[in-house]
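As structure tokens, the structure follows; a few thoughts come after it.
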Amino acid sequence: MKKIFLGGLSALLLSASLQASAQADPEDLIQYRQAGYSFMSWNMGKIKAMAIDETVAWDPAQVQAAANAIEAIASSGMSVLYAPGTEQDIGNTKTNVRPEMFTDHEGVAKVAIAFNQSARDLAAAAKTGDRDAVRKAFAATGDSCKGCHDKYRKRR
């Protein structure tokens, strides 16, 4: 019963998000998507400064906040921001997405699942406050980002 409910709820949420994205202008969708990735990048930078580079004092609460932000965006349903019409530059809004992002559904699903899992793992590691666990999870998250960039991001 629980699986049926969750499946129905997931379908309802996906349908609502697709309708919302269909009402948005493709240029806006590109900008929203870029904003999400920029915010995640900024938070990855905060974690990197504390856990990897050690150029900023270790602050477990700040690491956890940054990791939670990354996880929240990763699981927010950003896939709807890749609607038809967002695969190319629009006016002054440039996109770095390769066309394969819109045709290689199996490959995209694979990198998306890997990214979502690594973001969850990063948030879980940050919750422990263990710097070594954060370092390991941070590396895995970075690798999952790279996996998508290597296949689906244009080099400009």
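Values reported hereafter were calculated over all heavy atoms of this structure, with side chains retained and with hydrogens, waters and symmetry mates removed. Throughout, numbering of the chain's residues begins at 1 and tracks the sequence.
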(request) Assess whether side chain to side chain contact (heavy atoms under 4.5 Å, CB included) is satisfied between S144 and Q117, documenting all intermediate values. (result) CA-CA 9 Å; S144 71; Q117 183 60 56; over 6 Å; no
(message) Walk me through whether S75 and R120 qualify under side chain to side chain donor-acceptor pair (under 3.5 Å).
(response) CA-CA 9 Å; S75 63; R120 281 191 298 275; over 6 Å; no
(request) Go through I70 and I47 one step at a time and tell me if the side chain to side chain contact (heavy atoms under 4.5 Å, CB included) criterion holds. (result) CA-CA 11 Å; I70 293 164; I47 296 170; 4.0 Å; yes
(request) Evaluate the side chain to side chain contact (heavy atoms under 4.5 Å, CB included) criterion for residues Q31 and E27: first the C-alpha distance (whole Å), next the side-chain angles of each, then the deciding distance (0.1 Å), finally the verdict. (result) CA-CA 6 Å; Q31 292 172 359; E27 187 173 13; 3.8 Å; yes
(request) Could you walk me through whether Y82 and E87 pass side chain to side chain contact (heavy atoms under 4.5 Å, CB included), step by step? (result) CA-CA 7 Å; Y82 290 90; E87 68 278 0; over 6 Å; no
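Within a 6.0 Å radius of NZ in K154, other residues, nucleotides and ligands contribute more than 12 heavy atoms. More than 12 heavy-atom neighbours from other residues, nucleotides or ligands sit within 6.0 angstrom of NZ on K94.
Once rounded to the nearest 0.5 Å, the distance linking CZ of R33 with CG of N96 reads 9.0 Å. Atoms CG and OG1, from D25 and T93 in turn, are 8.5 Å apart once rounded to the nearest 0.5 Å. With rounding to the nearest 0.5 Å, the separation of CE in M50 from CH2 in W58 is 7.5 Å. In this structure, the separation between OG1 on T86 and CD on Q34 is 10.0 Å, given to the nearest 0.5 Å. Note that OG of S118 is 10.5 Å distant from CD of E71, once rounded to the nearest 0.5 Å. Between Q64 atom CD and L122 atom CG the span is 10.5 Å, to the nearest 0.5 Å.
Across all their heavy atoms, A66 and K46 have their closest contact at CB-CE, 4.0 Å. Taking all atoms of both residues into account, the shortest heavy-atom contact from G129 to P60 is CA-CB, 4.3 Å. Here the closest non-hydrogen pair linking P26 and P84 is CG-O, 4.4 Å.
Residues forming a salt bridge (Lys or Arg N to Asp or Glu O under 4.0 Å) with D104 (at least two apart in sequence, or on another chain): none. Residues passing the salt bridge (Lys or Arg N to Asp or Glu O under 4.0 Å) test with R131 are E54, sequence neighbours excluded. Residues forming a salt bridge (Lys or Arg N to Asp or Glu O under 4.0 Å) with D132 (at least two apart in sequence, or on another chain): R135.
At least one side-chain heavy atom of R98 sits under 4.5 Å from a side-chain heavy atom of R155.
One hydrophobic cluster holds both M44 and M78 under the rule that ILVMFWY side chains link at heavy-atom gaps under 4.5 Å. In terms of hydrophobic clustering, with Ile, Leu, Val, Met, Phe, Trp and Tyr side chains grouped at heavy-atom distances under 4.5 Å, F115 and I113 are assigned to different clusters.
Of the possible polar contacts, none joining the D28 side chain to the A24 backbone as a donor-acceptor pair under 3.5 Å is found. Using modelled atom types, one side-chain atom of T141 and one backbone atom of A137 make a donor-acceptor pair closer than 3.5 Å. Not one N or O on the side chain of N43 forms a donor-acceptor pair closer than 3.5 Å with the backbone of A69. Judged by distance alone, the side chain of R153 and the main-chain N or O of V97 form no donor-acceptor pair under 3.5 Å.
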